[in-house]
Undergrad: 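The structure is given below, and queries will be raised subsequently.
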Amino acid sequence: MWIASDWKDYEVIDTSAGEKLERWGKYRLVRPDPQVIWDTPRDSQLWRRKNGHYHRSKKGGGEWEFFDLPKKWQISYKDLTFQLQPFSFKHTGLFPEQAVNWDWFSSIIKEETKKGKEVKVLNLFAYTGGATLAAAAAGAKVTHVDASKGMVNWAKENAAASGLSDAPIRWLVDDCVKFVEREIRRGNTYDAIIMDPPSYGRGPKGEIWKIEESIYPFLQLCMNILVEKPLFFLVNSYTTGLQPAVLTYMMSTQLIPRFGGTVVADEIGLPVTSNSLVLPCGASGRWQR
């Protein structure tokens, strides 16, 4: 498992009975997590000293309950700063486990830029821009694409907070599939692609995305916008059916015959302070030349 263990402003304090207790800067949140199927004693007093609790409804969805929590606050990871805000369906605007992937591709980008090479990165389903900012901070020119205008604006706020307002980032509100199709027609290419597709989603004009049906054809489509010798390709999955072995096979059948290189995939996770275990948080597949 790849573990995001370098956080200072974030930690999973404890997990029990379908919930996780987290520290986001100086604030503590309790949120549901489907991986937490164990019911262990909640010995930590911090469970009762929470600033926010997302209660899941038996009918689906849920709602927040707040205890002295600001509407917005910030946390940092190394040189990056992120604006946090509790919003619909338990989210805060950041997936801390992805830091392990930020570190991986940042080192690749830095190695290339040291050689004086320009690195163009495409970040698809880019959300609030964690990967975009990590790539830009490492020296890449980044194209950030997400179907939600609100998420793209949030990503711009994160860029400003991280001192990256003037970084070479192109911000686009667009359906990712249609954007790639247009890039093929334009003849534009990229040295690397990052994608964090949702399990289910809709584009700006109601385009439907179902990951099990859409991800493989979309991966095939993306082959057409890679340079002759690309650097890396990252696919993240929070869908149970797309386990590491599935990501490995999917990426290997497309990328290796055309570009060589290697594919590795694994679970990603976050360390749990109370018991030294690791909370699984989905899977990632990495291709590297």
Side-chain angles (χ1 to χ4, degrees), residues 2 4 6 77-81 98-146 152 155-156 158-160 162-172 174 176 179-197 218-236 247-248 250-266 268 284-289:
W2 295 320
D6 288 345
Y77 180 76
K78 299 182 178 177
D79 294 331
L80 305 177
T81 299
Q98 285 299 325
V100 71
N101 284 322
W102 304 341
D103 291 342
W104 169 71
F105 64 68
S106 292
S107 64
I108 299 173
I109 294 168
K110 287 176 182 177
E111 282 299 313
E112 290 299 303
T113 55
K114 280 180 186 177
K115 302 172 189 175
K117 297 181 180 179
E118 180 182 277
V119 177
K120 292 173 61 181
V121 174
L122 174 61
N123 187 14
L124 298 164
F125 312 98
Y127 196 52
T128 58
T132 293
L133 302 188
K141 292 185 175 181
V142 187
T143 298
H144 173 110
V145 186
D146 196 276
V152 174
K156 290 179 182 178
N158 287 336
S162 299
L164 293 168
S165 290
D166 296 327
I169 303 171
R170 186 163 57 130
W171 307 100
L172 298 171
D174 206 342
C176 289
F179 172 77
V180 170
E181 289 172 342
R182 286 197 299 274
E183 288 292 83
I184 292 170
R185 293 195 295 270
R186 294 169 183 145
N188 291 336
T189 54
Y190 297 86
D191 299 288
I193 295 176
I194 299 163
M195 65 168 69
D196 201 345
F218 187 48
L219 186 68
Q220 290 176 307
L221 193 68
C222 288
M223 296 301 97
N224 298 299
I225 57 169
L226 286 169
V227 297
E228 186 178 340
K229 294 183 178 180
L231 291 176
F232 66 86
F233 201 118
L234 172 66
V235 180
N236 295 310
L247 292 174
T248 299
M250 178 182 75
M251 298 178 76
S252 295
T253 57
Q254 283 301 306
L255 287 152
I256 291 178
R258 187 162 175 178
F259 302 112
T262 57
V263 172
V264 289
D266 207 339
I268 56 174
S284 293
R286 301 170 175 175
W287 172 85
Q288 186 175 354
R289 192 179 74 212

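One is the number of the first residue; the rest follow in order along the sequence. Treat the numbers as computed from the prediction; the structure is a model and nothing was measured.
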Undergrad: First locate atom OG of S252, then atom CH2 of W287, and finally report the distance between them rounded to the nearest 0.5 Å.
TA: 11.5 Å
Undergrad: What distance do S106 atom OG and L80 atom CG have between them, rounded to the nearest 0.5 Å?
TA: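 It comes to 7.5 Å.
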Undergrad: Check step by step if side chain to side chain donor-acceptor pair (under 3.5 Å) holds for Y190 and N123.
TA: CA-CA 10 Å; Y190 297 86; N123 187 14; over 6 Å; no
Undergrad: Checking A4 now: which residues fulfil side-chain contact (heavy atoms from CB on, under 4.5 Å) with it, not counting sequence neighbours?
TA: W7, A99, V100, L270
Undergrad: Which word best sums up how the rings of F105 and F232 line up, parallel for under 30°, tilted for 30 to 60°, or perpendicular for over 60°?
TA: parallel
Undergrad: Has K120 got a side-chain atom pairing as donor or acceptor with A192's backbone, closer than 3.5 angstrom?
TA: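 No, K120 side chain to A192 backbone: no donor-acceptor pair under 3.5 Å.
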Undergrad: Apply the test salt bridge (charged side-chain N to carboxylate O under 4.0 Å, His left out) to residues D266 and R286: give CA-CA distance (whole Å), side-chain angles for both, the deciding distance (0.1 Å), then the verdict.
TA: CA-CA 9 Å; D266 207 339; R286 301 170 175 175; over 6 Å; no
Undergrad: Drop me the distance from I108's CD1 to E112's CD, to the nearest 0.5 angstrom.
TA: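 One finds 9.0 Å between CD1 of I108 and CD of E112.
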Undergrad: Is D191 paired with K229 through a side-chain N to carboxylate O contact shorter than 4.0 Å?
TA: no
Undergrad: Rounded to the nearest 0.5 Å, how far apart are CD of E183 and CD of E181?
TA: 11.5 Å
Undergrad: Once rounded to the nearest 0.5 Å, what's the spacing between atom CD1 of I225 and atom CG of N188?
TA: 8.5 Å
Undergrad: Between atom CE of M195 and atom CG of L122, what is the distance when rounded to the nearest 0.5 Å?
TA: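 With rounding to 0.5 Å, CE (M195) is 8.0 Å from CG (L122).
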Undergrad: Examine distances only and state if a side-chain atom of S162 and a backbone atom of A159 form a donor-acceptor pair shorter than 3.5 Å.
TA: no
Undergrad: Can you tell me if NZ on K141 sees more than 12 non-hydrogen neighbours from other groups inside 6.0 Å?
TA: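 Not buried by this count: 12 neighbours or fewer within 6.0 Å.
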Undergrad: Quick check: does any side chain N or O of D146 sit under 3.5 Å from a backbone N or O of V152, one acting as donor and the other as acceptor?
TA: no
Undergrad: Under 4.5 Å between any side-chain heavy atoms of L234 and W104, yes or no?
TA: yes
